Structures are given as C-alpha cells and as structure tokens.
Amino acid sequence: MAMDPEELVTLTDHGTMKLRSAVVRAMILPAKERKRAKIVREGEPAILIFKQIRNLGAKWDERRGSSPRGQRRFRSRGNRPKNRSIAR
C-alpha cells in the first residue's frame, strides 16, 4: 500500500488535509472516535479504516528510522545545563 503522504484526503468529521496530517490526527483521537475514523481518498483503496491508518502510520515511522514509542530522547528544560553566570 504505497501512498503519497502529500495527497489531499478527507478525514471523516475533520475535513480535508494531507494524508500525513490525517494519519497523525486519526492516531491522536480519543479511543471512541479513533475506532470510527475513516480517510476518504481518490485512489485505491478509496476508504481507509483505522486499522489501515494505524498500519500506514507505523510503516512511515519505520521508514523514517524513528525509535519505538517511549524511547525517543527529548531533553526537557529541567535537564538542560544551568548557566551559573549572572550578568550584572
């Protein structure tokens, strides 16, 4: 299922957007809405149900080489080295 992430699609109840945005938005919906999420597009398959959306998102993550969920390394402000010098 090779699809162009820049393709314009419609995410039901959320409007028209690029496929990449529709996949991301569908993934962050509350559980009840997520189960009903569908992406409508011009190509085949014309309708993507949530299971297909989830698989597409996972495939794109693998290609990007991102680390598994929960293992990403982000530095919060609390972990930043402190600047001890005070300008007067």
Side-chain angles (χ1 to χ4, degrees):
M1 181 167 49
M3 295 187 204
D4 178 13
E6 301 298 311
E7 174 187 358
L8 284 179
V9 299
T10 301
L11 177 60
T12 53
D13 299 328
H14 293 275
T16 302
M17 60 193 76
K18 291 182 180 178
L19 180 57
R20 180 185 314 275
S21 298
V23 169
V24 169
R25 186 174 240 175
M27 298 301 292
I28 63 173
L29 290 172
K32 283 184 179 181
E33 287 183 54
R34 197 178 315 140
K35 288 180 183 178
R36 294 188 313 251
K38 290 184 180 87
I39 293 177
V40 181
R41 52 189 298 266
E42 294 291 322
E44 285 294 321
I47 297 177
L48 301 175
I49 60 173
F50 183 72
K51 184 178 177 182
Q52 294 167 308
I53 296 168
R54 183 183 62 217
N55 292 340
L56 185 58
K59 185 166 43 169
W60 286 346
D61 272 352
E62 287 173 9
R63 283 187 190 160
R64 254 189 9 218
S66 65
S67 58
R69 183 179 221 156
Q71 294 182 10
R72 293 185 179 127
R73 296 180 185 217
F74 294 107
R75 291 183 72 170
S76 67
R77 290 181 183 202
N79 294 335
R80 195 177 332 173
K82 306 258 190 272
N83 186 356
R84 299 284 178 188
S85 64
I86 300 174
R88 293 185 188 231

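We count residues from 1, following the sequence as given. What you see is a predicted model; the values in this text were computed from it and never measured. Worth knowing before you read on, the calculation uses all heavy atoms, side chains too, and leaves out hydrogens, waters and symmetry mates.
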Exam field: side chain Thr12 to backbone Lys38, donor-acceptor pair closer than 3.5 Å: yes

Flag, side chain of Gln52 to backbone of Ile49, donor-acceptor distance under 3.5 Å: yes

Can you find a heavy atom in the side chain of [X] that is under 4.5 Å from one in the side chain of [Y]?
X: Glu33; Y: His14; result: yes
X: Met3; Y: Leu48; result: yes
X: Asn55; Y: Trp60; result: no
X: Phe50; Y: Lys35; result: no
X: Thr10; Y: Ile39; result: no

Reported CE-to-CG distance for the pair Met27 and Leu56, which is rounded to 0.5 angstrom: 10.0 Å

Approximate separation, where rounding is to 0.5 Å, of Arg25 CZ and Ile53 CD1: 12.5 Å

Carboxylate-amine/guanidinium proximity below 4.0 Å for Glu7 and Arg41: yes

Contact summary for Gly57 and Val23, nearest pair of heavy atoms: CA-CG1, 3.8 Å

Test log, rule side chain to side chain contact (heavy atoms under 4.5 Å, CB included), inputs Leu8 and Met17: CA-CA 5 Å; Leu8 284 179; Met17 60 193 76; 5.9 Å; no

Over 12 foreign heavy atoms within 6.0 Å of CD, Glu6: yes

CA sep, side-chain torsions, deciding dist, call: Leu11, Val40, side chain to side chain contact (heavy atoms under 4.5 Å, CB included): CA-CA 6 Å; Leu11 177 60; Val40 181; over 6 Å; no

